[in-house]
Amino acid sequence: MIRDKYMRISLQNLNGQLKRLAQYDALTELQNRRMFDEAIATYFAQARRLGTSFGLIIFDIDYFKMLNDTFGHQQGDRVLKKVATSARNALARETDKVFRIGGEEFAVLVLAENDSQVVSLMEILRRAVEGLGIVHPLHPGAVVTISLGGVLVKEHSLVTVTELFKMADEALYSAKLSGRNQAVLAQRIEMPASAPVAAEQA
Ligand code: GH3
Ligand code: MG
Ligand code: MG
């Protein structure tokens with residue numbers, strides 16, 4: 001009896017650990033890519049069904065390879081952790097979620113109703129990382145920074161999850177091209193108003 005109970009508890013613990021491993025990134029303790037894919041699908045479905053809106057932000061550490069190459073992979077890992085923690089702390093609301101979606105790439109899902117809210121959240125994130133003051137080998141006085149791309153998802157701009165991600169990613173790419181350590185908001189595609197549903201024949 002006692003042995004059975006002990007076994008059951010051990011199995012429960014093991015299950016909990018496995019679940020955590022499947023959902024969280026071990027280094028940064030942020031939710032992983034898989035959780036991001038699930039979360040964005042949920043936000044998207046909700047936006048479509050209830051007419052709610054949200055913001056998708058993607059960000060990437062600037063010249064991270066150089067930092068790794070100069071200070072070593074371990075220091076690179078420490079920087080990843082610090083950036084992840086500062087992003088999580090910068091977003092105060094329970095509903096704002098940060099994910100690690102790739103090596104040095106992160107995604108954020110936030111409740112937002114208009115473009116300027118997404119822009120100001122991106123700016124908060126950008127400043128939070130810059131404000132850490134982590135030394136970067138790019139040039140004397142340089143610190144670790146991030147570039148960000150964002151998009152506001154509203155009912156009238158709904159495309160597909162893949163296209164949304166692409167829009168944020170292209171905005172991030174243009175932030176990189178414009179010199180890094182900056183945020184760019186994607187131009188939303190304005191969908192034509194859907195045709196009125198034809199009245200049913202009497
Ligand atoms: P950019 O400003 O254009 O983003 O340049 P970058 O150097 O940051 O971009 P690039 O894609 O060339 O390099 C990304 C680097 O991130 C290469 C890879 O070794 C490093 N990286 C990816 N995952 C990890 C990780 O888990 N730990 C560490 N330390 N480095 C990682
Ligand atoms: Mg990258
Ligand atoms: Mg990078």
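The chain is numbered in sequence order, starting from 1. For the numbers below, each heavy atom of this structure counts, side chains included, while hydrogens, waters and symmetry mates do not. As the structure lists them, so they are numbered: ligands from 1, and atoms in each ligand from 1.
Under a 4.0 Å criterion applied to the non-hydrogen atoms of Asp62, ligand 1 contributes the atoms 2 (O). Numbered from 1 in the order shown, with element, the atoms of ligand 1 that lie under 4.0 Å from a heavy atom of Gly76 read 29 (N). Residue Asp77 has at least one heavy-atom neighbour below 4.0 Å for each of these atoms of ligand 1: 25 (C), 26 (O), 27 (N), 28 (C), 29 (N). Residue Asp60 approaches ligand 1 through these ligand atoms, each under 4.0 Å from one of its heavy atoms: 4 (O).
Among protein heavy atoms, atom 1 (P) of ligand 1 sits closest to Lys176 NZ, 3.4 Å. From the protein, the heavy atom lying nearest to atom 3 (O) of ligand 1 is Arg180 NH2, 3.0 Å. Protein heavy atom at the shortest distance from atom 22 (C) of ligand 1 is Gly103 CA, 3.7 Å. Phe64 N, 3.5 Å is the protein heavy atom nearest to atom 6 (P) of ligand 1. Nearest protein heavy-atom contact of atom 5 (O) of ligand 1 is Tyr63 N, 3.6 Å. Taking atom 7 (O) of ligand 1 as the reference point, the nearest protein heavy-atom neighbour is Lys65 N, 3.0 Å.
Using a cut-off of 4.0 Å between Lys/Arg side-chain N and Asp/Glu carboxylate O, Glu123 and Arg126 are scored as salt-bridged. Between Lys176 and Asp62, at least one side-chain N (NZ, or NE/NH1/NH2) sits under 4.0 Å from a carboxylate O, which counts as a salt bridge.
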Q: Quick one: do Gln75 and Arg78 satisfy side chain to side chain donor-acceptor pair (under 3.5 Å)? Show the steps, please.
A: CA-CA 5 Å; Gln75 173 59 9; Arg78 276 197 287 273; 3.0 Å; yes
Q) After noting the C-alpha distance and the side-chain angles of Val79 and Phe64, does the key distance pass the side chain to side chain contact (heavy atoms under 4.5 Å, CB included) rule? A) CA-CA 9 Å; Val79 171; Phe64 191 61; 4.1 Å; yes
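Note: angle at the Mg ion (ligand 3), from O of Ile61 to OE1 of Glu104, is 90° (rounded to 10 degrees).
Between Phe59 and Phe106, the ring-plane angle classifies as parallel under the 30° and 60° cut-offs.
Contact check for Leu80 versus Ile61: side-chain heavy atoms found under the 4.5 Å cut-off. For the pair Asn13 and Ile9, the minimum side-chain heavy-atom distance is below 4.5 Å.
Heavy atoms of Asn68 found under 4.0 angstrom from ligand 1 belong exclusively to the side chain. At a 4.0 Å heavy-atom cut-off, ligand 1 touches Leu80 through the side chain alone.
The closest non-hydrogen atom to atom 26 (O) of ligand 1, taken over Gln74, Glu104, His73, Arg100, comes from Arg100.
The CG atom of Leu56 sits 11.0 Å away from the CZ atom of Phe44 when rounded to the nearest 0.5 Å. Going from atom CG of Leu11 over to atom CG of Leu18 covers 10.0 Å, rounded to the nearest 0.5 Å.
Within the cation-pi definition used here (under 6.0 Å to the ring centroid, within 45° of the axis), Arg33 qualifies as a partner of Phe165.
Nearest N, O or S atom of Asp60 to the Mg ion (ligand 2): atom OD2.
Between Ile61 and ligand 1, a contact under 3.5 Å exists for at least one N or O pair.
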